[in-house]
Amino acid sequence: MDGKTQLGSFLRARRSQLRPEDVGVPAYGERRRVPGLRREELAMLAGVSASYYTRLEQGQSLSASPEVLDAIAGALRLDESGRRHLHDLGRVDRQRTPGRRPGPERVTEAMRQLLDALGDVPAIVLGRRSDALAWNRLGHAVFAGHLDPGAPDLPARRPNMARLLFLDSHVRDLYTDWPSRARAVVANLRLVAAQHPEDVALHALLGELAAKSAEFASMWAEHRVKPCTVAPYEMRHPLVGPLTVILQTLSSGPGPNVVVATTEAGSSSRAALALLAQATSEVTTRPGLSSGVARKRPRADKD
């Protein structure tokens, strides 16, 4: 799907999600054949001609200025993430100096030290495609305890957390409200895909998920966009039972992010994590067993 098609699809999807009463457009009680605003109504709210807006949706216009995109974003009632996403899509077809393709994702020594310092706070390092680049002992136990703890160390075996969420029953069953978690992941992938249109591996992942999961395809078609920052989730862990965690994404700019799971002090969830930490510590300290964090790792990761 090229940039014009993506821009048009995004505009159509978000326009269909707006009701006339949401934006003060009189509907006069009429029944509409399709949901949402009409093109001419959205164009009027944005202050552009209906014919020009129609060309944008149909992929017939070469480009849109930042000012026009801001006006359309306002008419669509987009939040800041949605507005930036609209600008990313609008830039795809503009003449610009080709940027370098994203390089291999690596975990810095500082990130590894952070994972160790977090101790019994579950943590995982995620790349832009949601690949698990590293995790600490409890991060592995919470998010993917059924997998080899050393999987992130080898690029060919790295788990992809988005793939697992949709296609792995163990990970899917971890979340009491799975659709909420799934939509959050899809909305974040939407942002990343527009920011890295040249990332072939990312778009191959999206194609795979759309082909193998009807739920992913449906959520992708909603064109929701939102970065993963902070959100609470109820989980059903197979070893320690129910717990409520707050997933927080710690970002320092371009590059991998650290996702941590925190719990309320004195809560049953904090006690459950402490029990899980004790259980996994006992397992990994038995003779002949080692965790993915405790053993020596390669100095550098290579894709």
Problem - Test log, rule side chain to side chain donor-acceptor pair (under 3.5 Å), inputs R77 and Q17 - result: CA-CA 10 Å; R77 302 297 194 265; Q17 295 161 12; over 6 Å; no
Problem - I246 with L273, same ILVMFWY side-chain cluster at under 4.5 Å - result: no
Exercise for the section: Can you run down the ring pair (Phe, Tyr, Trp, His ring centres under 6.0 Å) pairs that involve residues 31-50, sequence neighbours left out, and say none if there aren't any? Expected result: none
Handout entry: Main-chain N/O of R128 paired to E105 side chain as donor or acceptor, under 3.5 Å
Key = yes
Problem - Under 3.5 Å: donor-acceptor pair, side chain of N160, backbone of A162 - result: yes
Fill in the blank from the handout: For residues 231-246, the side chain to side chain donor-acceptor pair (under 3.5 Å) pairs (sequence neighbours left out) are none
Exercise for the section: Look at E109 together with R112 and state whether they make a salt bridge at an N to O cut-off of under 4.0 Å. Expected result: no
Handout entry: Under the side chain to side chain donor-acceptor pair (under 3.5 Å) test, residues paired with D120 that sit two or more places apart
Key = R137
Listed pairs under 3.5 Å, donor-acceptor, residues 214-222 side chains, sequence neighbours left out:
{"from": "E215", "atom 1": "OE1", "to": "R172", "atom 2": "NH1", "distance (Å)": "3.0"}
{"from": "E215", "atom 1": "OE1", "to": "R172", "atom 2": "NH2", "distance (Å)": "3.3"}
{"from": "E215", "atom 1": "OE2", "to": "R172", "atom 2": "NH2", "distance (Å)": "2.8"}

Completion exercise
salt bridge (Lys or Arg N to Asp or Glu O under 4.0 Å) filter on R15, not counting sequence neighbours, yields E57
Problem - Atom CD of E264: over 12 foreign heavy atoms under 6.0 Å - result: no
Exercise for the section: Just say parallel, tilted or perpendicular for the rings of H140 and W135, cut-offs at 30° and 60°. Expected result: tilted
Practice task
Taking the side chain as every heavy atom from C-beta outward, state whether C228 and L247 have any atom pair closer than 4.5 Å.
Solution key: no
Practice task
Output all residues satisfying side chain to side chain donor-acceptor pair (under 3.5 Å) with T263, sequence neighbours left out; order by chain, then residue number.
Solution key: R270
